[in-house]
Each structure stands twice: as structure tokens, then as C-alpha cells.
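Take a look at the structure below.
Scope of the values below: all heavy atoms of this structure, side chains included, with no hydrogens, waters or symmetry mates.
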Amino acid sequence: MRDSLFRMAFVLGLLTAVGPFAIDMYLPALPAMAGDLATTESVATLTLAIYFLSFGLAQMIYGPLSDAMGRKRPMIIGALIFTAASIAAGCAPSIDWLIAARAVQGFGAAALMVVPRAVIRDVASGPAAARAMAAIMMVLSISPLLAPLAGSMVLAWSSWRGIFLILAMASLLSLPLIQFALPETLSSIHQRPVRVAPIWAGIKRLLSDRRFMGLTMVAAFGIASLFVFISAASFVYSQQYGLSPTEFSFAFAANAVGFFIASQFAGRLSERFGMGRVISWAVTGLAMCSLVLAGVIWMGLDTLPVLMAGLGLVFTCLGLVVPTAMVMSLDPHPGIAGLAASIGGSAQMVTGAVMIALSSPFMDSSALTMTAAIAVCTCLAWVASTLSKALGDPHTRIAPVPDRH
């Protein structure tokens, strides 16, 4: 039983990684794409912002849809939408076409992010579910390490359009995985139609919960700092520091290592010191590190080693903030955990998209503007944690839940 659950979790992890790959694999190609379509950096970053926005909002749709239709059909629908949109993006004759295709692509990718979590809830609970979710997150965490390098390899023999065609092929390959490697985990007798009234009641309950909203926005602004980095990094590294797409991929992977390692220790630290204390320390460290980094860059110490070291500290703190905040926000709402997770995921993506859109007009391919925008996001995360008063007793110890990032 344990082996079959692990195999299922591994397959679900592969499916879940499709959406993040559409973000990270595309990053090395942003400067080339902007030049090819004769557009500016700020407009080019909208292709990321619209993806995040669509990806976030669609999460609110696929959860109830999978309860009504079963788990496999929404994933197949999402994969087909993602495939068609990827082909359209690869053939885009203009930046407007590409932005529209990315919006549809994000809508399709959301199904492969939301529904696998429901599948795990169907087949396991307690420690077994924790292990399965941890396996999914382990596969998913590899994306920021490998996807940019894969994108740079595609650029070596093709153009940015080839990346989207590769993504379309990957999505097509996911269809037989869904059809033949995964069982339908929600039987027809347990499927229930989408009912607006209870969903709306749950939404109102969550939106009025100060603790939930405070912790949700802590995670949302924290993730927004990462999204701002993602949108600007390829331009900064290539234009200010002269890195090639391959060199950028290695630099990006190095920045992601701190986040990955810290997130794996978030549960252990929370068990030892209490979640409230961990997130209080981490969000304070996140804001302080980002402010110090922006200040150092402003003073003219904007060398590549300084930038990468500073970002490493920032994202190490972020690796503790995000999973801990998400777990704490969901803990008081076991009866509507799925809806709460959807709202939290949507809030993160929408907040990230908004911060990219707000910061993109000021981006000038310099490390200073990028780090300043990151600092704004992290300070907003600190403000959210302070104003919400949602951290509770810092000595409270809550059993760790698998990290979600």
C-alpha cells in the first residue's frame, strides 16, 4: 500500500510540475523574446503577470469542479487547454497574442496544481498523506533548479518559441499518465454538484477570519517577492552582468537552493520552537535581509557575488515563511481546508501578478530596482504579520505539516 501510494504521489508530482516549468523554463528566453517581438521589458514581464493572475483565479474553479466531475476529467481538460495555449504561444506573431496565450496557459495549468492535492486527500490521511504530499513537493521543488537550465538548452538549438513547443509536448505526455497511471479516486456516489451557497458561506467565513487573512497575506507578499525576482532576474543578469542564458540558469538555480533547503527544515524547526516563533523570526529576517541588500546595492556595491549572496539570504528566510504561514492559516479550518487552500493559492498568485504589474514600469534591468521591489514586498509581508496579530503564542508547538511551496 505504501509503495502504491508513493508511486501515485510521484506521478502527481510530475503532473504538478508542468505549471511551474511553464514559468521557470521560460525565464532565460525573456530578453530574446522581448527583442524578437519588439517590445519593452515592462511589457514582456506582463506575460508572467497574466500567467500568475490566470493561474491563481482558476484554482477557485477546479477544486469545486473536481468534486462534481471526479478527479481525472478536470486534469485532462486542464492539460488539453495548456497544450493548445502552449502551441498558440509558440506561434505568437505579437506580444498581445503571447499575453493572451499565456493567460489561457495559466488557466489550464491550474488544474494540474489543484486537483492532485485533492487526490491525496481521497486516498490517504494522517502520516500517510503527509508522506505522499512531501513526495509531491520534493518533485515540484526540483522545477526552479532544472527548468531554467532546460530552457537555456532549448535556446541553444532553437528560439524562445521552441520552449513553448516543448511545454506543449510535455503536457501531451501527461495525458497518458492521467488516463492510465492514475485511478479515479472519487467515485460517482461521492461526487457532488457545485453548490454556490455553501461555497460562498465558506468564503465569507474565511475572509472575515483575521488570523487566516493575515497569514495568507504574509505568504502572498512573501511569494510576491519571489515572483518579482523571477520577472526581473533574466534582464538584470543578462544586461547588467552580461550572463548568457546558460550562466543565468545556474545563477537562478543557486538562488533557489536556499529556499529549497530552508523549506525542508520548516517543519522540524516549527516542532522544536513553535510555528509562531519560527514565522515571527523568519518574516523579520526576510524584511531585514531584503532592506539591507537593497541598501548595499544602492551604495554601489552591486557586484554579482554580493547580489547572489544577499538574495540567497532573502530566499532562505522566505523558505521558512511561506510553508509555515500556509500551514498555520489552514490549521483552524479542517472542514473547509480545500476551499481555504484554494483561496490561499489564489491570493498568492494574484498578489504576485499585481506586484509584478505595479513594479514593471520602474524596472530598468538594474539590480537596484529589482532589489528595491523585492524589499517592498517583504516589508508588506512583515506589516501583514504585525497588523493581523495572527501569530498567537510564539511558544505554541503545532505538529508540523508537510511543506507546501
Side-chain angles (χ1 to χ4, degrees), residues 14-62 65 73-115 143 147-148 150-179 227 230-231 234-235 245 346 349-350 352-353 356-357 360:
L14 292 176
L15 296 174
T16 304
V18 170
F21 253 77
I23 301 170
D24 300 326
M25 190 176 180
Y26 173 55
L27 298 182
L30 270 175
M33 181 274 294
D36 189 31
L37 296 180
T39 190
T40 63
E41 174 185 343
S42 61
V43 175
T45 57
L46 291 180
T47 60
L48 286 170
I50 196 66
Y51 182 92
F52 290 137
L53 182 63
S54 177
F55 188 91
L57 294 176
Q59 292 187 47
M60 297 296 296
I61 297 175
Y62 285 112
L65 192 65
R73 288 169 63 189
M75 284 195 286
I76 291 173
I77 292 171
L80 290 173
I81 293 174
F82 183 91
T83 300
S86 297
I87 295 173
C91 300
S94 66
I95 188 62
D96 292 336
W97 179 297
L98 182 58
I99 290 173
R102 289 285 282 175
V104 179
Q105 192 183 42
F107 186 88
L112 300 179
M113 177 63 73
V114 174
V115 181
S143 173
S152 66
M153 292 174 63
V154 174
L155 287 176
W157 57 266
S158 181
S159 69
W160 60 270
R161 299 179 186 276
I163 292 176
F164 287 108
L165 297 180
I166 293 295
L167 288 170
M169 293 174 59
S171 183
L172 280 176
L173 290 175
S174 72
L175 291 174
L177 280 178
I178 298 170
Q179 185 64 36
F227 288 173
I230 287 173
S231 69
S234 59
F235 294 99
S346 296
M349 293 297 169
V350 172
I356 290 175
S360 61

Would you name the heavy atoms of [X] and [Y] that are closest together and state the gap between them?
X: Thr47; Y: Ala44; answer: OG1-O, 2.6 Å
X: Tyr51; Y: Ile23; answer: CE2-CG1, 3.5 Å
X: Ala89; Y: Phe164; answer: CB-CD2, 3.6 Å
X: Gln105; Y: Ser86; answer: NE2-OG, 2.8 Å
X: Ala49; Y: Ile356; answer: CB-CG2, 3.8 Å
X: Leu112; Y: Met75; answer: CD2-O, 3.8 Å

Item checked: Distance-only polar pair, side chains of Gln59 and Ser346, donor-acceptor under 3.5 Å -> no
Check: Any side-chain donor paired with an acceptor under 3.5 Å for Ser171 and Thr83?
Finding: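 Yes, Thr83 and Ser171 have a side-chain donor paired with an acceptor closer than 3.5 Å.
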Margin query: Assess the residue pair Leu30 and Leu48 against the criterion (side chain to side chain contact (heavy atoms under 4.5 Å, CB included)); give the C-alpha distance rounded to whole Å, side-chain angles, the decisive distance to 0.1 Å, and a yes or no.
Written below: CA-CA 10 Å; Leu30 270 175; Leu48 286 170; 3.8 Å; yes
Rounded distance (nearest 0.5 Å) linking atom [atom1] of [X] with atom [atom2] of [Y]:
X: Leu15; Y: Leu175; atom1: CG; atom2: CG; result: 9.5 Å
X: Leu37; Y: Trp160; atom1: CG; atom2: CH2; result: 4.5 Å
X: Ile178; Y: Leu80; atom1: CD1; atom2: CG; result: 8.5 Å
X: Ser234; Y: Glu41; atom1: OG; atom2: CD; result: 7.5 Å
X: Leu14; Y: Phe21; atom1: CG; atom2: CZ; result: 9.5 Å
X: Thr40; Y: Leu46; atom1: OG1; atom2: CG; result: 8.0 Å

Next item on the list: Identify which one of Phe55, Tyr62, Phe52 satisfies the ring-ring contact (aromatic ring centres under 6.0 Å, His included) criterion when paired with Phe107.
Entry: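 The residue from Phe55, Tyr62, Phe52 that satisfies ring-ring contact (aromatic ring centres under 6.0 Å, His included) with Phe107 turns out to be Tyr62.
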Check: Side chains of Ser159 and Asp36: does their closest heavy-atom pair fall under 4.5 Å?
Finding: no
Note to self: Can you confirm whether Met33 sits close enough to Ile95 that some side-chain heavy atom of one is under 4.5 Å from a side-chain heavy atom of the other?
What the structure shows: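 With C-beta onward as the side chain, the pair touches.
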Next item on the list: Carefully, step by step, assess Ile166 and Ile163 under the rule side chain to side chain contact (heavy atoms under 4.5 Å, CB included).
Entry: CA-CA 5 Å; Ile166 293 295; Ile163 292 176; 5.7 Å; no
Item checked: Step-by-step side chain to side chain contact (heavy atoms under 4.5 Å, CB included) determination, Leu57 to Met349 -> CA-CA 8 Å; Leu57 294 176; Met349 293 297 169; over 6 Å; no
Check: Just wondering, more than 12 heavy atoms not from Met60 lying within 6.0 Å of its CE?
Finding: yes
Notebook entry, point to check: Are any side-chain N or O atoms of Arg161 and backbone N or O atoms of Ala92, one a donor and one an acceptor, separated by less than 3.5 Å?
Noted result: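 A pair under 3.5 Å: yes.
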